[in-house]
Amino acid sequence: MSELERVMGAYQSPLLGLAAFVRQLGGIRDKGLPSQACMLVKSLLELGAREQTALQKVEMLLAGMELRFINYFTEAQRLGELDSKLDPTRLGRRLQAEVMGLRAFAQRDVESAAVQALAEDMALSIEGLRIDKPVGV
């Protein structure tokens, strides 16, 4: 089970779960662990045509992460907590780009508090999409 699925399992609300996941990512510098997403992005940018097999594997992993985000936004729409006029695919892709950017930013020589503040901004943005519904935690 991935970290995303573990966090999401604690929430009935997909949007609140995604926000909690992003907030958790804010502590990435405190954990001192390498960022898999950063490694995937670096691989995507550096692998050339000769490494097609590796490039396809990286693309598959990134596409899988994108699909999971899209599925959570789609579920939020199904539950009525996300406006039906919003595009879950676009939201999922945007979140993936934001998460990858946050992970890359965390690799810089910045304080952990700066990473946590950005993660909080991202989480608030996700929560801001939520239509007030009595969906529990």
Residues 104-116 vs salt bridge (Lys or Arg N to Asp or Glu O under 4.0 Å), sequence neighbours excluded, gives none
By side chain to side chain contact (heavy atoms under 4.5 Å, CB included), L67 pairs with (sequence neighbours left out) N71
(Q) For a side-chain contact (heavy atoms from CB on, under 4.5 Å) check, start with the C-alpha distance between E98 and L95, then their side-chain angles and the critical distance, and finish with the verdict. (A) CA-CA 5 Å; E98 289 174 344; L95 181 56; 4.0 Å; yes
Closest heavy-atom pair, L62 versus Q96, reported as atoms and distance to 0.1 Å, is O-NE2, 2.7 Å
Between L102 and A119 the two heavy atoms that sit nearest each other are CD2-CB, 3.9 Å
When rounded to the nearest 0.5 Å, the distance separating CE of M8 from CG of L16 is 9.0 Å
Smallest heavy-atom separation, V22 atom then M122 atom, equals CG1-CB, 3.6 Å
Nearest heavy-atom approach of A123 to A19 is CB-O, 3.5 Å
CD1 (I70) and CZ (R68) are apart, to the nearest 0.5 Å, by 11.5 Å
Sorted by chain and residue number, the side chain to side chain contact (heavy atoms under 4.5 Å, CB included) partners of S125 (sequence neighbours excluded) come out as R94
d(S84 OG, I131 CD1) to nearest 0.5 Å is 7.5 Å
Checking L4, L91, T89, T74 against F69 for side-chain contact (heavy atoms from CB on, under 4.5 Å), the one that qualifies is L4
Can you find a pair of side-chain heavy atoms, one from F73 and one from L129, that are under 4.5 Å apart? yes
Taken in chain and number order and not counting sequence neighbours, the residues that satisfy side chain to side chain donor-acceptor pair (under 3.5 Å) with E127 are R23
Residues passing the side chain to side chain contact (heavy atoms under 4.5 Å, CB included) test with R78, sequence neighbours excluded, are E75
What one should report as the nearest heavy-atom pair of G26 and V115 is O-CG1, 3.5 Å
A76 meets the side chain to side chain contact (heavy atoms under 4.5 Å, CB included) criterion, sequence neighbours left out, with P14, L15, E81, L82
- Side-chain contact test, heavy atoms from C-beta onward, threshold under 4.5 Å: evaluate it for K85 versus Q77 and give yes or no. no
